[in-house]
Amino acid sequence: MGEKKIKNIFVEGAISSQKIADSIQSHASKTNIGAHSIFLGQVRADEKDGKQVASIEYTCYQDMALEKMHEIRESIFAKYELTCMHVYHSLGNVMVGEICLFVFTSSKHRKMAIDACSELVEAIKFELPIWGKEIYQDQTIVWKENK
Amino acid sequence: MGEKKIKNIFVEGAISSQKIADSIQSHASKTNIGAHSIFLGQVRADEKDGKQVASIEYTCYQDMALEKMHEIRESIFAKYELTCMHVYHSLGNVMVGEICLFVFTSSKHRKMAIDACSELVEAIKFELPIWGKEIYQDQTIVWKENK
Amino acid sequence: MAITVYFFGSLVDITGQSKKELNSFSDTDALNLLLQKDYPTLISTKYFIAVNQQMIKTNHELNNGDIVALMPPFSGG
Amino acid sequence: MAITVYFFGSLVDITGQSKKELNSFSDTDALNLLLQKDYPTLISTKYFIAVNQQMIKTNHELNNGDIVALMPPFSGG
């Protein structure tokens, strides 16, 4: 109790491609890594009644989300032989075409990295208390629901 | 015949994190994309008889590899609803810690992007005539074989 | 100390607030009933309840100082 | 026009060359036998044969101008 280190996964606004590049580059010194698997969520210009999504505004129950993410992280590390695992999720407004989720796993071999990344994405979508509000070009809103 | 466009997947030397960032960034304007899946192969410092790999030198049967990659690309596009698919593989010398393979798929929904990327990686490893020669720190060599 | 109730996602729009302090309640069913009386739209809305960050599926006893969260289905990522 | 034979991967080390022009051969079995006679290490080496970029699994007729490739197991990625 109190020993565990809760990492923050939330970043304000969109995740830049430069942040992703920097994260990849920082793994060049870990020479036991043979495979990286990356998932990126990008805000889509969905249409509804002839109107288009302009952005998504993300909010979360931060304490609970970080606690839950900590549990997910531990269980993924227990299940897969990973060298590294990084998760970043946007809060606030993210425009269409911008990146809102960045999941990054690394392992000695490809199968571990790929399977862990895929399982992480599902857990993030269905187990973390995060909500996305689609804001249309005419300022009307629709609350998202994950499928 | 003669109509099909054979894309070159080969790049000389390592694939830079900047190239990966630029590739991600260039998809910001494709606003029907909701998910990107990326696989990166990184050269590992494997050990053998107390010696460490310093680099891998890649060669290929280029005409056959590009023809085969074209077939793989067509079959993946036929099987998965993808918006984009990009593959880059290094030729020549790639140092330990550097990226030698970059596979990038994008789709409206995550499952298509993830499954297509994973299937592409397997096809690239087992169906493309590419050979990696591990060069150890003492200049001895071992030819790789994929498992 | 009272019970703190947090509203998230669409529930903020429905209740017009993200946080509410309430006098002590015996359990989550009693709390939920009061909230549905105050905000009838909640009755036709799908949401989960967490007490002190733990999701609950059945009625749950409440004590002073407890934090209750009302959460619609998640939609991160 | 003769048959062009390409060697790849470890076969370059074994044969000391990456390309060889040979007089016409009736089929790949005959070609393969000659190569194994010239480079006995090939006998204990695993490799595949492609004719004009198509992998072949059984003996295959050869014509002048054909391109034959000897390829050890792939190891890209």
Side-chain angles (χ1 to χ4, degrees), chain B residues 6 9-11 15 39-44 46 53 56-72 87-92 94 98-103 117-135 140-147, chain D residues 1-22 25 27-28 31-32 34-36 38-77:
Chain B
I6 300 279
I9 63 167
F10 293 110
V11 295
I15 295 159
F39 178 84
L40 303 174
Q42 180 168 307
V43 174
R44 248 189 355 248
D46 279 357
V53 170
I56 295 182
E57 192 180 302
Y58 289 101
T59 51
C60 73
Y61 184 3
Q62 185 149 339
D63 288 349
M64 187 172 164
L66 296 183
E67 177 72 36
K68 187 72 198 170
M69 188 62 227
H70 180 80
E71 286 170 27
I72 294 168
V87 173
Y88 298 99
H89 196 294
S90 294
L91 286 185
V94 182
E98 291 185 323
I99 305 294
C100 58
L101 173 62
F102 172 27
V103 181
C117 185
S118 173
E119 189 169 328
L120 263 174
V121 172
E122 294 306 304
I124 290 162
K125 293 235 171 203
F126 292 103
E127 296 179 38
L128 294 191
I130 302 172
W131 297 274
K133 179 166 71 171
E134 293 175 334
I135 302 173
T140 54
I141 66 140
V142 173
W143 287 94
K144 275 183 72 192
E145 190 166 338
N146 280 342
K147 294 182 269 226
Chain D
M1 244 168 105
I3 309 279
T4 306
V5 182
Y6 288 111
F7 302 98
F8 289 100
S10 58
L11 306 185
V12 177
D13 295 350
I14 290 170
T15 66
Q17 62 206 317
S18 57
K19 185 182 175 183
K20 194 180 178 82
E21 302 277 347
L22 288 170
F25 273 90
D27 54 37
T28 51
L31 173 67
N32 202 29
L34 176 89
L35 291 170
Q36 293 189 344
D38 287 355
Y39 312 103
T41 310
L42 286 180
I43 297 166
S44 57
T45 303
K46 188 176 170 190
Y47 57 91
F48 309 104
I49 295 176
V51 177
N52 301 328
Q53 297 180 34
Q54 297 299 313
M55 297 286 262
I56 60 160
K57 289 192 172 154
T58 55
N59 191 23
H60 194 278
E61 190 190 333
L62 289 177
N63 296 300
N64 272 346
D66 278 352
I67 293 169
V68 178
L70 270 64
M71 306 181 291
F74 306 156
S75 53

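Note: hydrogens, waters and symmetry copies are ignored here, and every other heavy atom, side chains too, is used. In the text below, chain A, chain B and the rest are named by the order of the sequence lines, each starting its count at 1.
- Only the side chain of Tyr58(B) comes within contact range of chain D, with at least one heavy atom under 4.5 Å from a heavy atom of that chain.
- Using cut-offs of 30° and 60° on the angle between ring planes, the pair Phe8(D) and Trp131(B) is parallel.
- Proximity to chain D is limited to the side chain of Glu67(B), based on heavy atoms less than 4.5 angstrom apart.
- Contact detail for Lys125(B) and Gly77(D): the closest heavy-atom pair is NZ-C, 3.6 Å.
- From Met64(B), atom CE reaches atom CE of Met71(D) across 4.0 Å, with rounding to the nearest 0.5 Å.
- At most 12 heavy atoms of other shown residues, nucleotides or ligands fall within 6.0 angstrom of atom CD in Glu61(D).
- In this view, Ser18(D) and Val12(D) satisfy the side-chain contact (heavy atoms from CB on, under 4.5 Å) rule, not counting sequence neighbours.
- Note that OH of Tyr61(B) is 5.5 Å distant from CD1 of Ile67(D), once rounded to the nearest 0.5 Å.
- Contact of Asn52(D) with chain B is not made at all, since no heavy-atom distance falls under 4.5 Å.
- Of the two parts of Leu128(B), only the backbone, made up of N, CA, C and O, holds a non-hydrogen atom closer than 4.5 Å to a non-hydrogen atom of chain D.
- Both the backbone and the side chain of Ile130(B) come within less than 4.5 Å of a heavy atom in chain D.
- Heavy atoms closer than 4.5 Å to chain D are found in the backbone of Glu127(B), but not in its side chain.
- For Ile141(B), the part lying near chain D is the side chain, with the backbone staying farther off; criterion is any non-hydrogen pair under 4.5 Å.
- Comparing Gly41(B), Pro129(B), Cys100(B) by how many heavy-atom pairs each has under 4.5 Å with chain D, the most go to Pro129(B).
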